Amino acid sequence: MSGGASRDTIRAGPRTVLVTGAARGIGRATAARFGREGARVVVNHPPGEREYAEQTAELVRQEGGTPLVVEADVADPAAVTELAAIVHATWGPLDVLVNNAGICPFADFFDIDVELWDRVQHVNLRGAFLVTQAFTKAMVEAGRGGRVLSVSSISAWVGGSQQVHYCTTKAGISSLMKSLAIVLGPHGITCNAVLPGAIATDINKADWTDQGKVDYFRSRIPAGRMGEPADVAGVLWLLSQPESAYMTGADVLVDGGMFVNLQ
Ligand SMILES: NC(=O)C1=CN([C@@H]2O[C@H](COP(=O)(O)OP(=O)(O)OC[C@H]3O[C@@H](n4cnc5c(N)ncnc54)[C@H](O)[C@@H]3O)[C@@H](O)[C@H]2O)C=CC1
Ligand SMILES: C[C@H](O)[C@@H]1OC(=O)[C@H](O)[C@@H]1O
């Protein structure tokens, strides 16, 4: 028998879960999904989205969970420190961290100025780094294992002519999970990236006014439909289960088959 962490590196429940960017979209559906298991769910939102976050909190309650709404711009180190202080003082260490917050302001390559580049990098990638660092120290000290799940994208594997700034952050998030799998594995904390394909949320509302693009996406998706936030939330929840204990550093595609459907 070799040493190392025990097989069950996550509590079955009741668990404490943080979902960043849970005001809308995939984050909201994920918070609700964890609510359904009766979890204590931290509903993080950026400044200006309290109303949406309260709606998410209501969904968590309806599903049987207990929400805690906390404002923090994940790109802001001081705000993330404060977020961690509030959560730890209220509920102690997390069992599951879901790095979901993200932005994707579509732009031509030659129109991306350094401010836009930095903002996308900071929210998507620096945010995942800051939040993971702020929360995993207490998880390690608690010694009961856990899960770090980061919402990357199919865009970590492919490019986008209007997403030069965005795709690089998603490749970075997938890479971050791989290195952290090594750092945190000995503590029973697995780190995986979930890569959604085309999911109907606010992030692509403007982009999908291009009917030609929507038709192209649909034609590439063997599942025959665009994804819904619940499709991604369900997989995030699956990866939080004890049975996933031996799975770490992985990129998990949730795209209805779009990526493999080349010809
Ligand atoms: N919708 C899609 O087709 C895909 C989405 N994704 C990723 O899924 C994640 C969620 O996006 P969606 O739900 O689709 O879009 P969305 O626009 O509905 O949700 C984004 C969420 O991030 C939050 N957020 C934005 N900036 C933040 C900040 N600075 N601090 C804290 N929260 C912040 C927003 O409040 C919102 O709740 C993002 O990381 C996105 O890149 C990945 C692949 C495909
Ligand atoms: C926001 C986009 O529509 C969506 O996000 C991604 O990460 C996918 O690559 C899609 O482009």
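Every number for a ligand or one of its atoms is a count from 1 in the order of the listing. What you see is a predicted model, and the numbers here were worked out from it, not measured in a lab. These values consider heavy atoms only, across backbone and side chains, with no hydrogens, waters or symmetry-generated copies.
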From V194, V123, I173 - option closest to atom 26 (N) of ligand 1 by heavy atom: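 It is V123 whose heavy atom sits nearest to atom 26 (N) of ligand 1.
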
Best match, T169, D202, I203, V158: closest heavy atom to atom 1 (C) of ligand 2: I203

Any [X] heavy atom less than 4.0 Å to ligand 1:
| X | answer |
| --- | --- |
| T20 | no |
| Y52 | no |
| G127 | no |
| K170 | yes |
| S152 | yes |
| G197 | yes |
| A198 | yes |
| R119 | yes |

Does a side chain donor of either [X] or [Y] reach within less than 3.5 Å of an acceptor in the other side chain?
| X | Y | result |
| --- | --- | --- |
| S174 | D251 | yes |
| Q55 | R28 | yes |
| T66 | R40 | no |

Sub-4.0 Å atoms of ligand 2 with respect to non-hydrogen atoms of [X]:
| X | result |
| --- | --- |
| G197 | 8 (C) |
| S153 | 6 (C), 7 (O), 8 (C), 9 (O) |
| F106 | 1 (C), 2 (C), 3 (O) |

Please say whether more than 12 non-hydrogen atoms of neighbouring residues, nucleotides or ligands are located less than 6.0 Å from [atom1] in [X].
| X | atom1 | result |
| --- | --- | --- |
| F106 | CZ | yes |
| E51 | CD | no |
| K213 | NZ | yes |

Of all protein heavy atoms, the one nearest atom 11 (O) of ligand 1 is I203 CD1, 4.1 Å

Starting from atom 16 (P) of ligand 1, what is the nearest protein heavy atom, named by residue and atom, and what distance separates them? R24 NH1, 3.8 Å

Where do N99 and T132 land on the side-chain hydrogen bond (donor to acceptor under 3.5 Å, both in side chains) test, with the steps shown first? CA-CA 8 Å; N99 287 306; T132 306; 2.9 Å; yes

Hey, is ligand 2 close enough to Y166 that some N/O pair sits below 3.5 Å?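 Yes, there is a polar N/O contact under 3.5 Å.
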
Could you check whether any side-chain heavy atom of R147 comes within less than 4.5 Å of a side-chain heavy atom of V96, counting everything from C-beta outward?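 Yes, close enough: below the 4.5 Å cut-off.
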
If we only count heavy atoms from C-beta on, is the S240 to R15 side-chain gap below 4.5 Å? yes

Going by an N to O cut-off under 4.0 Å, is there a salt bridge joining R225 and D231? yes

